[in-house]
Trainee: 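Take this structure first; my questions come after.
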Number of protein chains: 2
Amino acid sequence: MTEDQLISILRDSGYKVTPQRLAICNYVLSSKEHPTVEQIHSEILEKNPTISLNTIYQTMDMLIDLGLVQEMRFSGSSSRFDPNTSVHANIICQNCSKIRDFESEGIRELWSRIVMEMNVEPLGQRLDVYVLCDECRK
Amino acid sequence: MTEDQLISILRDSGYKVTPQRLAICNYVLSSKEHPTVEQIHSEILEKNPTISLNTIYQTMDMLIDLGLVQEMRFSGSSSRFDPNTSVHANIICQNCSKIRDFESEGIRELWSRIVMEMNVEPLGQRLDVYVLCDECRK
DNA sequence: TTTACAAATCGTAATGATTACTAACTAGTA
DNA sequence: TACTAGTTAGTAATCATTACGATTTGTAAA
């Protein structure tokens with residue numbers, strides 16, 4: 001998504017466009033790390049040294065409201081945010097908590113079949129696979 | 001699972017068998033409600049009025065360790081525990097947080113496909129579908 | 001049965017992520 | 001340019017969870 005597109009989405013939904021929001025959105029929406037609030041905060045602090053932790057929380061609430069990120073909570077750690085809202089699987093290492101996204105046509109196909117079987121209108125989904133990653137298996 | 005089987009599992013894993021543990025396990029393992037620690041606590045309190053919240057937490061850790069329940073964390077609420085450890089989907093209402101389990105051949109197929117395509121050895125899974133349930137849609 | 005000891009329990013204190021609050025500030029608009 | 005509602009920063013409050021320590025209990029060996 002371009003910055004202009006993002007700005008339109010914010011304005012259309014009644015959110016004001018602020019430098020803080022742009023900085024946070026640019027970082028989070030392009031991140032592959034499924035970052036925590038703390039990680040986002042320390043990243044943004046480098047260029048915007050007075051940004052408040054609270055602003056990160058509020059901006060993440062906004063992104064959730066806009067459907068641009070998904071919040072994922074885990075045992076023993078704080079929330080992480082996934083800007084990939086399409087149907088995909090999260091491969092999560094039980095040891096180091098690293099998350100890798102996995103998408104495929106086969107998964108999307110099977111998933112839409114299952115949703116049909118369930119006879120529901122999904123607002124979202126979360127497909128987690130818990131593993132030990134290559135490094136942690138050693 | 002019978003109580004005798006449960007007792008064997010505890011003993012075999014080096015856990016002592018206490019009345020508190022039996023009460024908690026009996027309730028949680030037969031529950032369909034995906035209860036929270038608070039719900040478990042108030043349920044057990046009725047017959048065991050001095051049980052500590054801490055004991056609930058510790059017993060849930062034990063059950064997780066034994067692989068008999070799965071912990072599920074959600075935004076804006078405390079952990080919930082699912083005694084169904086087979087491959088299944090959780091249909092979760094975004095509004096009232098009610099959870100309904102869904103099992104089917106299609107789900108098991110999806111799962112084996114994910115495992116094959118990803119080339120991983122899964123230790124567990126969590127398949128969530130977020131919806132508005134019939135009551136909340138009104 | 002009795003004893004010994006490690007583990008479990010209870011009650012409470014500490015922790016830490018998240019939320020609430022408020023005064024100062026700012027984007028958007030007339 | 002001035003107004004207003006929304007936003008920000010900083011801090012305080014909340015609440016689920018974890019840590020701690022004194023007491024109790026289950027288990028196995030004497």
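Naming convention: chains lettered A, B, ... in sequence-line order (proteins, then strands); numbering from 1 in each chain.
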Trainee: Between B/H41 and B/I51, what is the shortest heavy-atom contact and its length?
Mentor: NE2-O, 3.0 Å

Trainee: Reading DNA chain C in the 5' to 3' direction, which nucleotide is the first one with an atom under 4.0 Å from a heavy atom of chain B, and which is the last?
Mentor: C/dA6 to C/dG11

Trainee: What residues join A/F74 in its hydrophobic cluster, counting side-chain heavy atom gaps under 4.5 Å, either direct or through other members?
Mentor: A/M72, A/I92, A/I99, A/Y130

Trainee: Which residues pass the side chain to side chain donor-acceptor pair (under 3.5 Å) test with B/S75, not counting sequence neighbours?
Mentor: A/E71

Trainee: Each nucleotide N or O in nucleotides 1-4 of chain D that has a protein N or O under 3.5 Å away: list the pair and distance.
Mentor:
none

Trainee: Going by heavy atoms closer than 4.0 Å, what residues in residues 19-48 of chain A are next to DNA chain D?
Mentor: A/Q20, A/R21

Trainee: Side-chain N or O of B/S79 versus OP1/OP2 of D/dA16: is the shortest distance under 4.0 Å?
Mentor: no

Trainee: Tell me if a side-chain donor or acceptor on A/E109 pairs with a main-chain N or O of A/G106 at a distance below 3.5 Å.
Mentor: no

Trainee: Is it the case that A/Q70 and A/T85 place a side-chain donor and acceptor less than 3.5 Å from each other?
Mentor: no

Trainee: Would you say the side-chain atoms of A/N84 and A/S86 include a donor-acceptor pair closer than 3.5 Å?
Mentor: yes

Trainee: If you take any heavy atom closer than 4.0 Å to DNA chain D, which residues from residues 51-72 of chain B end up in contact?
Mentor: B/N54, B/Y57

Trainee: Nearest 0.5 Å, please: how far is CG in A/D61 from CG in A/L66?
Mentor: 11.0 Å

Trainee: In chain order, what residues pass the side chain to side chain contact (heavy atoms under 4.5 Å, CB included) check against B/D65, with sequence neighbours excluded?
Mentor: B/Y15

Trainee: Checking A/R126 now: which residues fulfil side chain to side chain donor-acceptor pair (under 3.5 Å) with it, not counting sequence neighbours?
Mentor: A/D128

Trainee: Which atom pairs, donor and acceptor, lie under 3.5 Å between side-chain atoms of residues 22-32 of chain A and protein residues at least two apart or in another chain?
Mentor:
unit_1 : atom_1 : unit_2 : atom_2 : d
A/N26  : ND2    : A/E3   : OE1    : 2.8
A/N26  : ND2    : A/L22  : O      : 3.1
A/S30  : OG     : A/N26  : O      : 2.8
A/S30  : OG     : A/Y27  : O      : 3.3
A/S31  : OG     : A/E33  : N      : 3.0

Trainee: If only side-chain N and O atoms count, and only distance matters, is there a donor-acceptor pair under 3.5 Å linking A/R80 with A/T36?
Mentor: no

Trainee: Does B/K98 have any side chain to side chain donor-acceptor pair (under 3.5 Å) partners at least two apart in sequence or in another chain, and if so, which?
Mentor: B/E135

Trainee: Of all residues at least two apart in sequence or in a different chain, which pass the side chain to side chain donor-acceptor pair (under 3.5 Å) check with A/E105?
Mentor: A/R108

Trainee: Rounding to 10°, can you tell me the angle the first-five-pair axis of the helix from C/dT1-D/dA30 to C/dA30-D/dT1 makes with its last-five-pair axis?
Mentor: 30°

Trainee: For A/S79 and A/R73, does a side-chain donor sit closer than 3.5 Å to a side-chain acceptor?
Mentor: yes

Trainee: Let me know, please, whether B/S78 or B/R11 comes out on the 5' side of the other along DNA chain D by nearest nucleotide.
Mentor: B/S78

Trainee: Give the cluster check for A/I40 versus A/I64: same hydrophobic cluster or not, with ILVMFWY residues linked at side-chain heavy-atom distances below 4.5 Å.
Mentor: yes

Trainee: How many whole angstroms separate atom CZ of A/F74 from atom C1' of D/dA16?
Mentor: 18 Å

Trainee: Any side-chain N or O of A/T18 less than 4.0 Å from the OP1 or OP2 oxygen of D/dT8?
Mentor: yes

